[in-house]
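Here the structure is laid out as structure tokens; the discussion comes afterwards.
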Amino acid sequence: KKPPPASIAFFLVGEQFKERQYTILLIFGIAALILAGRAFHLQILSNDYRSKAEAVAVSKYTIYPARGLIYDRKENLLINNAPVYDLMVIYSQLKPGMDTTKFCNLLGITKESFKERLKKDFKRDKRFSKIKPFIFLSKISPEVYASFQEHLYQFPGFFVQIRNIRSYPTSHAAHLLGYITEVTEKQIAASKGDYVLGDYIGASGLESSYEKELRGVKGARFVLKDNLGRDVGSFKEGKQDTLPVSGFDIISSIDIELQTYCEQLMQNKIGAVVAIEPASGEILAFVSSPGYDPNLMVIDQSRGEKYMALQKNKYKPLFNRAVMAEYPPGSTFKTLVGLVGMQEGVMTPDTYYPCGGYYVNGGRDVRKCHGHPANNGIQIALQYSCNSYFFRAFRDIVDHQGYRHPERGLDTFADYMYAFGLGKPLGVDFPGEKNGNVPTSTYYNSVYKKGGWKSPTIISVGIGQGEVQLTSLQMANVAAIIANKGWFYTPHFVKAFKHEGEELEKPEKFRQKRITPVKPYYFESVQQGMEKVVCCGTATPAAMPGIAVAGKTGTVQNPHGEDHSTFYGFAPVASPKIAVAVYVENSGWGYKYAAPIAGLIIEKYLRGEISEQKKWRETAMLEANLLEVKPKPVFAASRQDPIVPPAQDSSATISQ
């Protein structure tokens, strides 16, 4: 069949094209009508398009997380969260002619304060912008906020941001818990974006130690802003917004009931108490006295005034004596001298050193002791705290490698002390821990020319005087080491972490056992001697009926006034549950205050109450005021004492 001529084919194609042209025109027409209608809606009927077109920036609003809570070992709440309100302002949105009188009255501020709070150097200070919010008034109380929020709509440019601050269900453990404060510019710069102006950070105590765990993770909400700083919508429909993540809760090792009791016993006294569970290294009580009520450091408008009052207090309640005060340990140190002497082989548990009531050092220096039975071994020497015995023991340690080479012997002794956690921070999870001091040959070579000192020069170290210094935490840890016969865990406050229903273990470093180089066998002799100290020696006020207590007293020379009273010990001897150190400044002999306070603490922890036969002693300790009045003996020898303490030589100048 022949195809049609070319002219006819062209005609047919043209007809088809005309039909399609009408269809395409119809489609374009409909589309144009839809677009015109949409444009009419956006530009005439709706302000949405115009508003978003005017948006020039994205602003980030921080959503603050709940800070982690802190509990004691029995999960009693120690720190809680409470809301605080910050009034924010966007300068460019302020309404001219606003009723500043009403505004100021609602917030309790003056008009001068109003002007000053808005006065910012917007050109040169990068922290502030007229189109970005900044804090106008911080830490508004819930009561003020409740009355102000009803009128907030009358003051364009102002809005409220909610944050959490701390509240304290207990009035105790202020040094332990610590407090939070606003970040400094230096902290902001070092945080690499974690903190901004107005954020809170842990400033002391556990709040500081575990800031990273407690603070949580901030959330964020992103919004579009117009050129006047007004919100015009959610950025990317909220796809980049994040929710805050609350901080970890901390189950601390503290027994708040025991902590409270310790603080009551130390009221009106200067010093410290630290109690440790020997088997775990967990700190049961941690007291610095005088202390203060943690509620004084709640963030409010009057906190600055309260803080300054605490700073100016002559007894320095903000100073943490438990880890920052470095004290001579006195005769408590004799236990360590004996342990090193036995381990080094310069003496045995049965070594006899004579004492005629004094010790002659270098032929001219006569140092007094006190009357007691013969030192037939270290147990008796500890029981009666013989100075002569431990002078001799210390000299034998220092001279062990030759009298003319005391450096070697002293540095060997120092190495043992380091192994016991002395002379350097123990590594407790707490800020501000001091080293204490263990003197070495380097120190004495700097004080005396090399070769200008020998063992007689430094003999006072043997009884815990001279240059040796310990913190109360270190003393309590030594008691725990002796209780464990040579090992310990680094003392710590965290027992566990909790987060979203999960319980997490404490850090690995607090689960690693540290072992001293002294054999357990030698600890048995020292334990027995310390038990004799309490049952029938210089620390009978620490005894308790039915439970064996081991301890050692110390009376520390104080050239500026009354001597310091100290004691450390543990109980029960066979299966230690608590080790405690007590240091009471300017209070006299170790048996007057430190020993009875320690005995009461041990009994309170082990039995939950004080026995009737020791109630009188409890009352005496609770009522004793050593701050204003020169201390006098609270009790003399009494038939109520388990055993009458041996007579003391009031003229002695050496620690007892």
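Remark: the backbone N or O of Lys269 is paired with a side-chain donor or acceptor of Ser289 at under 3.5 angstrom. At distances below 3.5 Å, not a single donor-acceptor pair connects side-chain atoms of Thr332 with backbone N or O atoms of Gly554. Panel note: side chain Asn320, backbone Ala322; a donor-acceptor pair is recorded below 3.5 Å. Gln527 places a side-chain N or O within 3.5 Å of a backbone atom of Ile482 that can act as its donor or acceptor partner. With hydrogens and angles disregarded, no donor-acceptor distance shorter than 3.5 Å links the side chain of Asn586 to the backbone of Asp563. For Asn484 (side chain) and Phe488 (main-chain N/O), no donor-acceptor pair under 3.5 Å exists by modelled atom type. A side-chain donor-acceptor contact under 3.5 Å links Gln343 to the backbone of Lys519. With hydrogens and angles ignored, the 3.5 Å screen pairs a side-chain donor or acceptor of Thr566 with a backbone N or O of Val582. Panel note: side chain Gln465, backbone Gly330; no donor-acceptor pair is recorded below 3.5 Å. A donor-acceptor pair is defined here as one N or O able to donate and one able to accept, closer than 3.5 Å; such a pair exists between the side chain of Asn313 and the backbone of Tyr315.
With respect to Ile283, the side chain to side chain contact (heavy atoms under 4.5 Å, CB included) criterion is satisfied by exactly one of Asp255, Leu473, Asn477: Leu473.
Between Arg511 and Glu508, at least one side-chain N (NZ, or NE/NH1/NH2) sits under 4.0 Å from a carboxylate O, which counts as a salt bridge. The residues Lys614 and Glu603 are annotated as salt-bridged, a charged nitrogen and a carboxylate oxygen being separated by less than 4.0 angstrom. Using a cutoff of 4.0 Å between basic side-chain nitrogens and carboxylate oxygens, Lys495 and Glu277 are not scored as salt-bridged. At a threshold of 4.0 Å, the pair Glu524-Lys485 counts as salt-bridged, since one of the basic side-chain nitrogens sits closer than that to a carboxylate oxygen.
With values rounded to the nearest 0.5 angstrom, Asn387 atom CG is found 5.5 Å from Ser331 atom OG. Atom CE of Met475 sits about 10.0 Å away from atom OH of Tyr327, to the nearest 0.5 Å. Annotation: the span from Thr471 atom OG1 to Asn437 atom CG amounts to 12.0 Å, rounded to 0.5 Å. Taking OG from Ser208 and OH from Tyr210, the interatomic distance works out to 11.5 Å, rounded to the nearest 0.5 Å. Distance CG/Asn375 to CZ/Arg392: 10.5 Å, rounded to 0.5 Å. To the nearest 0.5 Å, the span separating OG on Ser575 from CD1 on Ile547 amounts to 11.0 Å.
The ring of Tyr591 has its center no closer than 6.0 angstrom to the ring center of Phe567. Taking the ring centroids of Tyr292 and His175, they lie under the 6.0 Å cut-off. Ring centers of Phe430 and Phe286: under 6.0 Å apart, within the cut-off.
Side chain to side chain, Asp429 and Ser209 fail the donor-acceptor criterion of an N or O pair below 3.5 Å. No hydrogens or angles considered: a donor-acceptor pair under 3.5 Å links the side chains of Tyr416 and Glu344. When only modelled atom types and interatomic distance are considered, Gln379 and Gln383 share no side-chain donor-acceptor pair under 3.5 Å. A donor and an acceptor atom, one from each side chain of Ser441 and Asp411, are located under 3.5 Å apart. For the residue pair Ser565/Tyr583, the side-chain donor-acceptor check at 3.5 Å is not satisfied.
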Test Arg73 against Glu282 for salt bridge (Lys or Arg N to Asp or Glu O under 4.0 Å), laying out the working first. CA-CA 10 Å; Arg73 66 190 299 109; Glu282 293 173 359; 3.1 Å; yes
Please test Asp293 against Ser171 for side chain to side chain donor-acceptor pair (under 3.5 Å), starting from the C-alpha separation and ending with a verdict. CA-CA 5 Å; Asp293 186 338; Ser171 59; 4.8 Å; no
For a salt bridge (Lys or Arg N to Asp or Glu O under 4.0 Å) check, start with the C-alpha distance between Glu618 and Lys615, then their side-chain angles and the critical distance, and finish with the verdict. CA-CA 5 Å; Glu618 179 186 46; Lys615 282 287 186 181; 3.7 Å; yes
Evaluate the side chain to side chain contact (heavy atoms under 4.5 Å, CB included) criterion for residues Trp589 and His564: first the C-alpha distance (whole Å), next the side-chain angles of each, then the deciding distance (0.1 Å), finally the verdict. CA-CA 7 Å; Trp589 297 99; His564 306 312; over 6 Å; no
Kindly determine whether Met530 and Phe570 satisfy side chain to side chain contact (heavy atoms under 4.5 Å, CB included), including the steps that lead there. CA-CA 9 Å; Met530 292 174 69; Phe570 57 91; 4.0 Å; yes
Intermediate values then yes/no, side chain to side chain donor-acceptor pair (under 3.5 Å), Thr538 and Thr553: CA-CA 7 Å; Thr538 60; Thr553 54; 2.8 Å; yes
Before giving the answer on side chain to side chain contact (heavy atoms under 4.5 Å, CB included), spell out for Leu339 and Phe420 the whole-Å C-alpha distance, their side-chain angles and the decisive distance to 0.1 Å. CA-CA 11 Å; Leu339 287 166; Phe420 275 83; 4.2 Å; yes
Would Phe510 and Val428 count as a side chain to side chain contact (heavy atoms under 4.5 Å, CB included) if you check the C-alpha gap in whole Å, the side-chain angles of each, and the deciding distance to 0.1 Å? CA-CA 9 Å; Phe510 300 131; Val428 64; over 6 Å; no
Under the side chain to side chain donor-acceptor pair (under 3.5 Å) criterion, do Lys506 and Ser253 qualify, and how do the steps go? CA-CA 11 Å; Lys506 55 189 165 187; Ser253 61; over 6 Å; no
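By the neighbour-count criterion of 12 heavy atoms within 6.0 Å, atom OH of Tyr418 is densely surrounded, having more than that number from other residues, nucleotides or ligands. Atom NZ of Lys454 sits in a crowded spot, with more than 12 heavy atoms from other residues, nucleotides or ligands closer than 6.0 Å. Other residues, nucleotides and ligands contribute more than 12 heavy atoms inside 6.0 Å of the CD atom of Gln528.
Under the 6.0 Å distance and 45° angle rule, Lys334 does not count as a cation-pi partner of Phe390.
Of all the heavy atoms in Cys355 and Ser388, the pair that sits closest is SG-OG, 3.3 Å. Between Ile601 and Leu258 the shortest heavy-atom distance is O-CD1, 3.7 Å. Scanning all heavy atoms of the two residues, the minimum distance from Phe319 to Ser288 falls at O-OG, 3.1 Å. The two residues Ser252 and Leu206 have their closest heavy-atom pair at CB-CD1, 4.4 Å.
Residues that satisfy the salt bridge (charged side-chain N to carboxylate O under 4.0 Å, His left out) test with Arg321, not counting sequence neighbours, are Glu585.
In this structure, Pro290 and Gln267 have side chains that are not in contact, with every pair of non-hydrogen atoms separated by 4.5 Å or more. Within the 4.5 Å cutoff, the side chain of Ile270 has no heavy atoms near those of the Leu626 side chain. In this structure the side chain of Leu284 never reaches within 4.5 angstrom of the side chain of Ile254, judged on heavy atoms.
Between Tyr489 and Trp487, the ring-plane angle classifies as perpendicular under the 30° and 60° cut-offs. Trp453 and Tyr444 have tilted rings, their planes meeting at an angle from 30° to 60° on a 0 to 90° scale. Tyr353 and Tyr389 have perpendicular rings, their planes meeting at more than 60° on a 0 to 90° scale where under 30° would count as parallel.
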